[in-house]
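What follows is a set of notes on a single structure, which appears directly below.
Chain naming here is simple, since letters A, B, ... match the order of the sequence lines and numbering starts at 1 in each.
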There are 2 protein chains.
Amino acid sequence: MTRDPLPSLTALRAFEATARLGSASAAADSLHLTHGAISRQIKALESELGTPLFTRHGRRLVLSAEGQAFADRCTQAFDIISAARRTLERTREGAPLVLTCTGSLLARWLIPRLPRLNSELPELRLHWVSDERESAAAEQDIDAHLVFTEPNPANTHQRILATERIGPVIAPQLAAQLGLAAGSASHSVLNQPLLHTLSRPQAWPQWARLYGIDEKELQLGQGFEHLYYLLEAAEAGLGIAIAPQLLVEDAIESGRLIAPWGFAATDARLTLISREDLGATAQRQLNELGNWLEAMLALPLPSRR
Amino acid sequence: MTRDPLPSLTALRAFEATARLGSASAAADSLHLTHGAISRQIKALESELGTPLFTRHGRRLVLSAEGQAFADRCTQAFDIISAARRTLERTREGAPLVLTCTGSLLARWLIPRLPRLNSELPELRLHWVSDERESAAAEQDIDAHLVFTEPNPANTHQRILATERIGPVIAPQLAAQLGLAAGSASHSVLNQPLLHTLSRPQAWPQWARLYGIDEKELQLGQGFEHLYYLLEAAEAGLGIAIAPQLLVEDAIESGRLIAPWGFAATDARLTLISREDLGATAQRQLNELGNWLEAMLALPLPSRR
DNA sequence: AGCCATATGTGAGAAAAACTCACATACAGA
DNA sequence: TCTGTATGTGAGTTTTTCTCACATATGGCT
């Protein structure tokens with residue numbers, strides 16, 4: 001039940017940092033100490049353990065074989081402590097749920113609805129972080145990831161919220177200028193330069209297939225890094241963009257964009273993917289958020305805001 | 001490459017001991033501190049981590065769920081450090097090779113030969129510990145175990161040194177009294193009370209089988225806990241004992257015992273079983289010892305001493 | 001209910017540990 | 001040989017940790 005007395009843990013920390021970083025000076029910087037402090041701690045540790053851990057070659061500290069093995073174990077132990085601390089901070093009472101999604105989803109759909117979310121679920125403490133990657137759920141410190149993706153049936157830590165629907169959008173001024181009437185089903189889109197994103201080059205071809213249009217006839221125009229810029233460009237009248245309905249519904253509602261050809265469902269789903277080791281509190285919060293999002297997405301369009 | 005700053009490790013040690021032992025007072029005893037010191041450290045840690053780890057129920061400290069998870073990780077980390085320290089102490093330069101064998105083997109064969117061993121291999125630092133169990137090789141802090149056992153072909157960390165040979169031995173005075181001539185092959189052993197050990201009850205039946213004697217005819221007399229006492233009893237003339245040749249060769253040489261019926265090989269071998277994670281130095285030392293033992297055991301009997 | 005044994009919390013000051021500074025030492029490479 | 005970089009150390013300071021003594025809380029026992 002009882003354990004052998006541990007060596008001085010302060011000394012151990014200095015030793016481990018030195019071993020890991022390869023020099024006492026680097027360890028001193030890393031621990032915000034002077035090299036003298038490190039040097040003393042290492043000496044003290046060697047004396048306490050009764051064996052040298054480094055061999056001194058002039059101004060160079062080289063780990064002995066046993067010292068290396070010992071240092072590796074210490075690193076392992078400290079990594080465990082460090083990870084435990086992070087977990088504790090993530091799971092502690094009152095800690096916010098940390099969520100990621102792409103900047104465009106955050107800016108164009110979530111942020112406009114946060115006031116309503118806050119008023120309907122005032123207890124829910126959330127922290128949104130934008131992350132353009134498709135899979136950031138397992139990331140350090142991220143509790144869950146909201147993303148359009150094709151669901152993985154094997155993943156039990158995901159919640160499917162809505163079907164992705166994509167469609168071309170255009171500023172009304174540009175539509176008028178081009179002679180496109182809202183609601184027109186014409187294929188005139190083919191004659192226009194199509195704005196697109198570099199992060200999702202398959203969007204236009206995908207849409208074309210859904211509408212039975214030969215994708216080779218598409219004339220791709222300017223590309224943008226992210227959907228967010230693409231939609232700004234569309235609103236500014238730079239051309240025809242393609243986007244998930246969710247991200248343009250506000251713009252359409254307010255008349256900044258129109259979607260003359262409507263939207264078509266894709267195989268992707270708006271999915272909430274959570275890490276597997278969520279604490280009980282976080283899991284509860286996440287469920288509440290999922291419920292709210294699901295309810296919100298089920299509302300008829302005009303009242304979604 | 002760099003790591004998050006660790007929490008105060010002194011505080012962590014106090015917390016972990018408290019969590020593990022279930023009380024601050026117990027932790028204080030365990031760490032040779034006062035309960036006040038523990039109490040302060042825990043408070044400091046909770047303040048540093050920004051979350052309570054215990055819920056206070058009057059005079060009782062109860063871990064919160066997150067605190068429990070955190071404590072478990074800390075215990076794991078400290079266990080690693082503790083184990084690493086033990087390993088370091090075992091493998092450090094100049095550390096003796098720690099060996100075990102039974103008390104009888106140690107007293108009746110090894111100790112009489114240690115002077116010769118020390119003079120022939122003066123560099124070899126050994127520490128012999130008696131242990132009556134058959135398998136002590138994986139034991140904490142034990143490098144190797146010297147034992148009569150039936151070898152396990154799958155074990156690569158064993159070295160077979162000699163075949164076990166067992167036979168009945170008797171004090172010459174008693175032999176004379178009973179009318180037994182040395183070298184006699186008679187079955188008169190059957191009429192005598194046979195001294196035996198409780199730790200190895202199969203020795204006499206085994207021998208009887210080797211000589212084609214019906215083991216039911218054996219009349220077991222007084223039993224002793226260990227071979228060591230058995231042999232003392234035999235030398236004192238209490239009856240006929242059975243023992244490995246190795247353990248009585250000195251006594252036979254000096255005339256304290258005789259072996260009228262000789263010795264017969266069994267399936268057991270004198271085997272040096274080592275732990276699997278020996279350091280390079282220890283492995284080298286063990287090889288030297290094994291070589292020496294093997295050479296010694298290969299010598300003709302009179303010069304083995 | 002009252003009391004006692006047990007366990008934790010805390011203020012003040014003592015003790016110990018850890019740290020810094022400044023200088024010393026040691027080497028590698030220009 | 002000189003210079004830049006890295007570790008070692010004596011002396012003194014700062015910070016942390018600990019103890020003591022007392023306070024507080026409570027669970028079980030009579």
Distances for protein N or O near nucleotides 21-26 of chain D N or O, under 3.5 Å:
from, atom 1, to, atom 2, distance (Å)
D:dT26, O2, B:Arg59, NH1, 3.4

Worksheet entry | Beyond-backbone contact of B:Arg86 with B:Thr91, side-chain heavy atoms, under 4.5 angstrom |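 Side-chain contact under 4.5 Å: no.
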
Below 4.0 angstrom, N of the basic side chain to O of the carboxylate: do [X] and [Y] qualify?
X: A:Arg284; Y: A:Glu123; result: no
X: A:Asp79; Y: A:Arg20; result: no
X: B:Arg56; Y: B:Glu46; result: yes
X: A:Arg108; Y: A:Glu232; result: yes

Are any of [X]'s side-chain N or O atoms less than 4.0 Å away from OP1 or OP2 of [N]?
X: B:Gln41; N: D:dT16; result: no
X: B:Thr34; N: D:dC18; result: no
X: A:Ser8; N: C:dA18; result: yes
X: B:Arg56; N: C:dG9; result: yes
X: A:Lys43; N: D:dG8; result: no
X: B:Ser39; N: C:dG9; result: yes

Worksheet item: Any donor and acceptor pair, going by atom type alone, linking the side chain of A:Ser23 with main-chain N or O of A:Ser25 inside 3.5 Å?
Response: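 Flag set: sc A:Ser23 to bb A:Ser25 pair under 3.5 Å.
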
Worksheet item: Which residues satisfy the salt bridge (charged side-chain N to carboxylate O under 4.0 Å, His left out) test with B:Glu225, sequence neighbours excluded?
Response: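 B:Glu225: no salt bridge (charged side-chain N to carboxylate O under 4.0 Å, His left out) contacts found.
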
Item to complete: Taking salt bridge (charged side-chain N to carboxylate O under 4.0 Å, His left out) as the test, write out the residues that go with A:Glu89, two or more places apart.
Response: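 Per chain and number, A:Glu89 pairs via salt bridge (charged side-chain N to carboxylate O under 4.0 Å, His left out) with A:Arg85.
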
Practice prompt. If a pair satisfies ring pair (Phe, Tyr, Trp, His ring centres under 6.0 Å) and one of its residues is in residues 47-66 of chain B, list it, with sequence neighbours excluded.
Written response: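 Counting only pairs at least two positions apart or across chains, the ring pair (Phe, Tyr, Trp, His ring centres under 6.0 Å) contacts touching residues 47-66 of chain B are B:Phe15-B:Phe54.
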
For the pair made of [atom1] in [X] and [atom2] in [N], what is the distance, rounded to whole Å?
X: A:Ile38; N: D:dT9; atom1: CD1; atom2: C1'; value: 15 Å
X: A:Leu45; N: C:dA18; atom1: CG; atom2: P; value: 11 Å
X: A:Phe15; N: D:dT7; atom1: CZ; atom2: P; value: 14 Å
X: A:Arg60; N: C:dG29; atom1: CZ; atom2: P; value: 9 Å
X: A:Leu12; N: C:dA17; atom1: CG; atom2: C1'; value: 16 Å
X: B:Leu33; N: C:dA14; atom1: CG; atom2: P; value: 20 Å

Item to complete: Dot-bracket for DNA chain C, please, read 5' to 3', with Watson-Crick or G-U wobble pairs under 3.5 Å on both distances, ( ) within the strand, [ ] crossing, | other strand, . unpaired.
Response: ||||||||||||||||||||||||||||||

Worksheet item: Testing B:Leu99, B:Leu97, B:Asp143, B:Val98 for side-chain contact (heavy atoms from CB on, under 4.5 Å) with B:His127, which one passes?
Response: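 The single option meeting the side-chain contact (heavy atoms from CB on, under 4.5 Å) with B:His127 is B:Val98.
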
Worksheet item: Side chains of B:Thr100 and B:His145: is there a donor and an acceptor less than 3.5 Å apart?
Response: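 On atom types as modelled, these side chains qualify, holding a pair under 3.5 Å.
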
Worksheet item: Would A:Arg159 and A:Asn291 count as having a side-chain donor-acceptor pair, cut-off 3.5 Å?
Response: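 A:Asn291 and A:Arg159 do have a side-chain donor-acceptor pair below 3.5 Å.
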
Practice prompt. Strictly below 4.0 Å, heavy-atom distances to any atom of DNA chain C: list the hits from residues 22-30 of chain B, or just say none.
Written response: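 Within residues 22-30 of chain B, the residues near DNA chain C are B:Ser23, B:Ala24, B:Ser25.
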
